[in-house]
2 protein chains.
Amino acid sequence: MCLKEYVQRYISLSEEEYAVFLSYLETKSFAPGTRLLAYEERCQSRFYIKKGCVRMYGYTEKGKEQIYHFGIDNWWISNYESLLNDTPSQLVIEAIEPTEVYCLTSDKFEQLCQQLPKTERLFRRIMERAYMAFQKRLEFLFSLSSEEQYRHFIEVNAAFTQRVPQYMLASYLGVTPEFISKIRSKM
Amino acid sequence: MCLKEYVQRYISLSEEEYAVFLSYLETKSFAPGTRLLAYEERCQSRFYIKKGCVRMYGYTEKGKEQIYHFGIDNWWISNYESLLNDTPSQLVIEAIEPTEVYCLTSDKFEQLCQQLPKTERLFRRIMERAYMAFQKRLEFLFSLSSEEQYRHFIEVNAAFTQRVPQYMLASYLGVTPEFISKIRSKM
DNA sequence: GAATATTCTTAATCTAGATTAAGAAGCAAA
DNA sequence: TTTGCTTCTTAATCTAGATTAAGAATATTC
């Protein structure tokens, strides 16, 4: 699926309108381990991942990396706290695989909304879906044991599981790699 | 703060436009213990809480109530999974205090967006803030111990803490009432 | 194809917070 | 002012998952 198909699922755009939309996006590439958003950098963009895989992580009190999100093909990702409040980001967005993204800066975003007001609707609906996914994630977090969460995750996200190392998955789920290893040995 | 002020923080509206906006909203009142959204009902509305306090909860595998959200004055609340997919809600929204809300049904919402396209921008921005708050909550959830989460919550949400019983707060934080009691005895 | 760095596994021990069980406050009705 | 609810507290015991410490696979580099 390409961005055009993705957008068409939320709003309908003519060829001309889509061309306008595209003109506000900038393509960028990132090698594994490089950062889309650095620690303490002000987040200025929303990223649409054309192809690849990224993780968004912060640091716990003891300085350990804690992964909060992954992003793969056809996902938008950004640090909204930093983006909306223009504050230094406490979160890092880093490529895991070679990753190609469309980058939409806040400035361009505002201009785009003016030139193509449908953009508001597009992002209103994207945000609703993202919020819904979050609400769902919270439900799993509170209603399932760590083992159940792991089993559920790899079931729903089979493809994904191949793409990130197990210890990152453990971090995302809020457990230790040793614990995942223990579950796997039972399966 | 009233709804008008709330809306003005996101978009600017003339008197006439605000009147149009209001005309799509329906006022409803709920006594403590009554439900804005029942279990397995299809969620058809977004609720803006004018005054009062509600909780949104589901059930764990063992049938225990698990609170996922609270809503108080000037918050929007809805079950987006049920709202967007038109599926029976696994979550209940219930008044804790006498609560008065504006109710915006999906039908009315679509009409409103057509008549007053600025509404898209309003809700795009509301959803971004809501998503941001969620992102922040997840950070606390993963980076703080249960005790730290409790201390942080009552610090940031002092007023709130008076309005809901301790056992509901425990549920929201994902701990037992006994554990909260233990922390409090230390303070 | 050895050397080095990453990632994963196994097993013993430990701990934050759950569970269970009682009882103590608080509060409403009558 | 007693009866009956609902909420909160205390304390003993238990457990899911963490921590620690080795070692075993697996990749990567030269």
Side-chain angles (χ1 to χ4, degrees), chain A residues 31-34 53-55 57-67 70 94-98 138 140-154 157-158 160-187, chain B residues 31-34 53-55 57-67 70 94-98 138 140-154 157-158 160-187:
Chain A
T34 61
C53 185
V54 305
R55 64 184 176 131
Y57 65 92
Y59 298 94
T60 64
E61 314 243 295
K62 291 122 222 142
K64 203 191 60 178
E65 286 179 6
Q66 171 62 52
I67 297 177
F70 290 114
E94 187 177 292
I96 298 175
E97 299 173 358
L138 195 71
F140 287 125
L141 216 51
F142 277 111
S143 65
L144 303 182
S145 70
S146 293
E147 177 164 350
E148 287 167 331
Q149 280 176 56
Y150 173 73
R151 288 177 192 275
H152 177 264
F153 184 92
I154 58 169
N157 257 322
F160 201 98
T161 313
Q162 319 305 322
R163 297 171 71 169
V164 309
Q166 233 164 82
Y167 74 93
M168 286 193 187
L169 223 160
S171 172
Y172 174 83
L173 292 174
V175 300
T176 57
E178 290 85 352
F179 183 63
I180 299 241
S181 205
K182 203 193 226 167
I183 298 169
R184 282 171 56 92
S185 72
K186 290 199 293 188
M187 293 168 72
Chain B
T34 61
C53 184
V54 305
R55 64 186 177 131
Y57 64 91
Y59 298 94
T60 63
E61 314 242 295
K62 292 122 221 142
K64 202 190 59 177
E65 286 180 5
Q66 171 62 53
I67 298 177
F70 290 114
E94 188 178 290
I96 297 175
E97 299 174 358
L138 194 72
F140 287 124
L141 217 51
F142 276 111
S143 65
L144 302 183
S145 68
S146 294
E147 177 164 350
E148 287 167 329
Q149 280 177 57
Y150 173 73
R151 288 177 192 275
H152 177 264
F153 185 90
I154 58 169
N157 257 321
F160 201 97
T161 312
Q162 320 305 322
R163 296 172 70 170
V164 308
Q166 232 165 83
Y167 74 92
M168 285 191 189
L169 223 161
S171 173
Y172 175 81
L173 292 173
V175 300
T176 58
E178 290 84 354
F179 183 63
I180 299 242
S181 206
K182 202 194 228 166
I183 297 169
R184 282 171 56 91
S185 73
K186 289 198 293 188
M187 291 169 74

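Chain naming here is simple, since letters A, B, ... match the order of the sequence lines and numbering starts at 1 in each. As the structure is a computational prediction, the values presented were derived from the model and not from experiment.
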Boundaries of the DNA chain D segment in contact with chain B, non-hydrogen, under 4.0 Å:
D/dT7 to D/dT10
So CG of B/Leu144 and NE2 of B/His152: to nearest 0.5 Å the spacing works out to 7.0 Å
Between B/Pro177 and A/Glu147, which residue's closest nucleotide on DNA chain D lies nearer the 5′ terminus?
B/Pro177
Gap separating the CG atom of A/Leu173 from the CD atom of A/Glu147, nearest 0.5 angstrom
12.0 Å
Within the 4.0 Å heavy-atom criterion, would you say A/Ser181 contacts the bases, only the backbone, or no part of the nucleic acid?
base
Once you round to the nearest 0.5 Å, how far does OH of A/Tyr59 lie from CD of A/Gln66?
12.0 Å
Counting the atoms with a prime plus P, OP1 and OP2 as sugar-phosphate, which does B/Thr176 contact under 4.0 Å by heavy atoms, base, sugar-phosphate, or nothing?
base
Using heavy-atom distances to pick each residue's nearest nucleotide on DNA chain D, tell me which of B/Met168 and A/Lys62 is more 5'.
B/Met168
Any side-chain heavy-atom pair of B/Ser171 and B/Tyr57 under 4.5 Å:
no
Do B/Ile183 and B/Val175 pass the side-chain contact (heavy atoms from CB on, under 4.5 Å) test, and can you show the C-alpha distance, the side-chain angles, and the key distance before you say yes or no?
CA-CA 11 Å; B/Ile183 297 169; B/Val175 300; over 6 Å; no
Would you mind reporting whether A/Tyr172 and A/Phe153 have side-chain heavy atoms less than 4.5 Å apart?
yes
What is the distance, to the nearest angstrom, from the CD1 atom on A/Ile180 to the C1' atom on C/dC8?
11 Å
